[in-house]
Amino acid sequence: MTIRTRFAPSPTGNVHIGNIRAAIYNWLFSRHAGGEFLLRIEDTDLERSTPAAVQTVLDSLAWLGLTYDGAPLYQSTQRARHLEVAEMLLTKGAAYKSDKGGTGKGEAIVFKMPGTDISFRDLVKGEITKKAEDLKDFVIVRSDGSPVFHLGNVVDDITMGITHVIRGDDHVENTFKHVAMYAAIGAPMPQFAHLPMIVNAQGKPYSKRDGAAYVGEFQDKGFLPEALFNSLALLGWSPGDDREVLTRDEMIAAFTLDRVRQAPSQLDMTKLLWMNGQHLKRRGVEDLVAGCRAAMQRQGLWREDIDPAYFQAVIMCMGERIRLYSDLGEQAAFFFTEEYPYDEKSVRKRLLKEGALAILREELEVLVALPEPFTAEATDAALHSLAEQTGRQMGDLVHPVRVAVSGTGVGPGLFEMLAVLGKSRVVARIRRTLALYGG
RNA sequence: GACCCCAUCGUCUAGAGGUCUAGGACACCAGGUUUUCAUCCUGGUAACACGGGUUCGAUUCCCGUUGGGGUCGCCA
């Protein structure tokens, strides 16, 4: 029989990382088994389920490369089938009508629990049992005639031929109900697997306040989809060896549900950032260029007159300092504007230090005298010989220039940076800095 | 509160009775490289929640305690 899993989000406008992690596990599981991964949109809450909200789900899946088989099934189209099954349950005596606790506008259909203990074998949690007295009957069709989640969920899973239901831990209590429904309907029971929740440092459900909780937020921050995918996959699952940075194919090959942990875990933003850097390295320079440009456009820092060759040179120069596309705009804006800010601390420490401006003036003279091309080797040699002549440490020469041309004390190697900026910019910036600080 | 589930370094995890003086990764600290930061290299700090069993032997099995999570809707 074909292994068939599904992702069944209700479109609310956001896709939570815990939810998308469930989608990732469903996807990995079915791909590993050579089966199918289906999508069902649980859009019965018409108020929240707007086309835009549905599109958000589709976008998140597409961004992460979670391809699904066939067309999505919209739950709202299945209403007749749901009610048909409810009627069948009614005639079978597995359900009854009741007006208790209702709206007074009619009778609801209530599913009758079998009165026996119910247990099932969870693929990650093992055997779970619930005693009969802890199981209560529940409504499957409201008194207004609309199907409730439990009915739609189970009926649709049957309709879609789902063989493995892989979902969040918050569904284990529902599963006892669902197991009873499968039995009553007489449909083959799927296997169940419940995944631990993703929590914050306080052990509470991960929310937007903890940094970012929705797929779109990570996308906006400039994370790579494969980095988020990789990190999320590793939250609660591991391949069994020491590998951490994995490709999709490697994860597909290694994925099994018995390697999923049962304890909730926290998402570590710092490690995600590291992971992003790892995946960034695996992409080529061209990708980095395109990604950084797009990020700068979003940040409002991009200008059409930025020379492509210059832009690429800046990126090469920044090297592995870029861990997120947005880092370029945040850490290297001075490459693209003369209005870069001066970091107060660096100015105090490197420029206003005793004799620093005098040194900077000497350096300016040396640099001005250099012929083109203004290479890293040339400026390096020039400043080293100046250091020798004056008996100074290289650090005393390097720092003032760095702060003068970039406004900050940290950044790429100075000589590479000077070469990229070019002689005229460098000279102009040093002059302006000298004038600004009374040199 | 009731019911279900969980518990290894700060975090993510490996570990399926002896191989554990508990391994890896991120973070952190120290040293090296370097003009700074980052990278890179080397080293280091750091964990089996607690108490009982079972066993010749428990991180691994059982029970309890503590702590944490989930669920108790005519929401999904």
Side-chain angles (χ1 to χ4, degrees), chain A residues 8-12 42-45 48-49 75 98-103 105-110 119 122 124-126 128-131 133-136 138-150 152-153 168-177 194 196-197 199 201-205 231 234-245 258-259 261-275 277-278 281 318-323 327 331 346 349-350 380 383-384 387 393-403 406 408-415 417:
Chain A
S10 68
T12 60
E42 302 211 334
D43 59 346
T44 51
D45 184 343
R48 282 193 298 178
S49 303
Q75 187 163 61
S98 167
D99 60 0
K100 254 190 272 182
T103 54
K105 281 182 226 155
E107 288 185 312
I109 300 178
V110 179
S119 63
D122 189 289
V124 346
K125 304 169 89 74
I128 311 178
T129 304
K130 195 106 175 173
K131 293 197 206 65
E133 65 253 40
D134 295 322
L135 268 5
K136 292 187 301 189
F138 57 95
V139 173
I140 53 175
V141 178
R142 299 185 190 87
S143 48
D144 67 0
S146 61
V148 168
F149 163 77
H150 301 293
N153 194 266
D169 244 354
D170 49 338
H171 282 292
V172 311
E173 299 294 325
N174 292 336
T175 305
F176 296 102
K177 297 177 180 170
H194 290 94
M197 312 297 280
V199 300
Q202 288 70 45
K204 302 296 178 197
S231 292
L234 252 30
L235 266 196
W237 173 81
S238 67
D241 48 41
D242 287 336
R243 290 177 299 164
E244 301 232 50
V245 184
D258 60 7
R259 294 204 56 80
R261 278 172 56 84
Q262 303 183 54
S265 46
Q266 299 179 27
L267 177 65
D268 183 352
M269 280 298 215
T270 310
K271 190 160 184 176
L272 210 208
L273 221 43
W274 167 81
M275 183 67 83
Q278 297 298 306
K281 248 196 264 185
M318 286 296 287
E320 295 191 18
R321 287 170 189 79
I322 304 174
R323 298 215 287 181
D327 283 347
Q331 295 173 21
S346 302
K349 188 174 173 192
R350 305 301 191 187
D380 191 340
L383 290 195
H384 266 93
Q393 298 290 310
M394 268 313 280
D396 292 333
L397 305 207
V398 164
H399 297 304
V401 179
R402 172 186 295 288
V403 177
S406 74
T408 170
V410 301
L414 179 70
F415 304 114
M417 188 162 84

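Owing to the predicted nature of the structure, the values given are computational and were not obtained by experimental measurement.
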Between B/C56 and B/G44, how far apart are the two C1' atoms, rounded to whole Å? 37 Å

Taking the side chain as C-beta and beyond, is there a heavy-atom pair between A/Gln278 and A/Arg323 under 4.5 Å? no

Calculate the interatomic distance between A/Phe415 atom CZ and B/U35 atom C1'; express it in whole Å. 7 Å

Over how many whole Å does the gap from A/Gln393 atom CD to B/U34 atom P extend? 13 Å

Counting heavy atoms from C-beta on, name the nucleotide in B/A27, B/A38, B/G70 closest to the side chain of A/Thr270. B/A27

Check every strand shown and say whether A/His194 touches a base, only sugar-phosphate, or nothing at a heavy-atom separation below 4.0 Å. nothing

Minimum side-chain heavy-atom gap A/Gln262-A/Pro196 below 4.5 Å: no

Measure across A/Asp268 and A/Thr270 and return the closest heavy-atom pair with its distance rounded to 0.1 Å. OD1-N, 3.0 Å

If you only use heavy atoms from C-beta on, which nucleotide in B/C3, B/U35, B/G70 is closest to the side chain of A/Asp134? B/C3

Determine the Euclidean distance between corresponding P atoms of B/A47 and B/G69; express it in Å to zero decimal places. 25 Å

Taking the P atom of each, how far is B/U55 from B/U66, in whole Å? 27 Å

Within this structure, what is the CD1-to-P distance between A/Ile140 and B/G73, rounded to whole angstrom? 17 Å

In the strands shown, is B/A7 matched to any nucleotide by a Watson-Crick or G-U wobble pair with both distances under 3.5 Å, and which? B/U66

By nearest-heavy-atom nucleotide on RNA chain B, the more 5' of A/Val139 and A/Gly395 is A/Gly395

A/Ile128 vs A/Phe176 side-chain heavy atoms within contact, under 4.5 Å: yes

Protein-nucleotide distance (A/Asp43, atom CG; B/A76, atom C1'), rounded to Å: 12 Å

Rounding to the closest angstrom, what is the interatomic distance between B/A22 and B/G18 at atom P? 16 Å

Please state how far atom CD in A/Gln278 lies from atom C1' in B/U39, giving the value in whole angstrom units. 11 Å

Considering only B/U35, B/U71, B/A76, which nucleotide approaches the side chain of A/Val148 most closely? B/A76

Taking atom P in both B/G53 and B/A27, what distance in whole Å separates the two? 44 Å

On a whole-Å scale, what distance lies between the C1' atoms belonging to B/A58 and B/G17? 6 Å

Sticking with atom P, work out how far B/G73 lies from B/C26, rounded to a whole angstrom. 46 Å

Less than 4.5 Å apart, any side-chain heavy atom of A/Leu414 and any of A/Val401? yes

List the steps, then state whether side chain to side chain donor-acceptor pair (under 3.5 Å) holds for A/Asp169 with A/His194. CA-CA 5 Å; A/Asp169 244 354; A/His194 290 94; 5.6 Å; no

Partner lookup for B/U39, please. Criteria are Watson-Crick or G-U wobble with both distances under 3.5 angstrom; report none if nothing qualifies. none

Where is the tightest heavy-atom contact between A/Glu42 and A/Ser49, given as atom of each residue plus distance? O-OG, 4.3 Å

Separation between the C1' atoms of B/A16 and B/U59, rounded to whole Å: 11 Å

For the residue pair A/His150 and A/Phe138, does the interplanar ring angle fall in the parallel (under 30°), tilted (30 to 60°) or perpendicular (over 60°) class? perpendicular

Which nucleotide in the list B/U36, B/C5, B/G69 gets nearest to the side chain of A/Ile128? B/C5

Separation of B/C74 atom C1' from A/Ile109 atom CD1, nearest Å, is 12 Å

Residue whose closest nucleotide on RNA chain B lies nearer the 5' end, A/Pro9 versus A/Val410: A/Val410

Protein heavy-atom contacts under 4.0 Å, written 5' to 3' over nucleotides 7-14 of chain B as B (base), S (sugar-phosphate only) or - (none), form the string SB--SBSS

Where the side chain of A/Arg321 is defined as all heavy atoms beyond and including C-beta, which of B/U36, B/U35, B/C4 is the nearest nucleotide? B/U36

Are the side chains of A/Ser98 and A/Val139 in contact, using a 4.5 Å heavy-atom criterion? no

Strictly by Watson-Crick or wobble contacts shorter than 3.5 Å, is anything paired with B/C28, and which nucleotide is it? B/G44

Between B/G70 atom C1' and A/Lys125 atom NZ, what is the distance in whole Å? 8 Å

If you look at every strand shown and take non-hydrogen atoms under 4.0 Å, does A/Thr129 touch a base, only sugar-phosphate, or nothing? sugar-phosphate

What is the distance, to the nearest angstrom, from the CE atom on A/Met197 to the P atom on B/G69? 12 Å

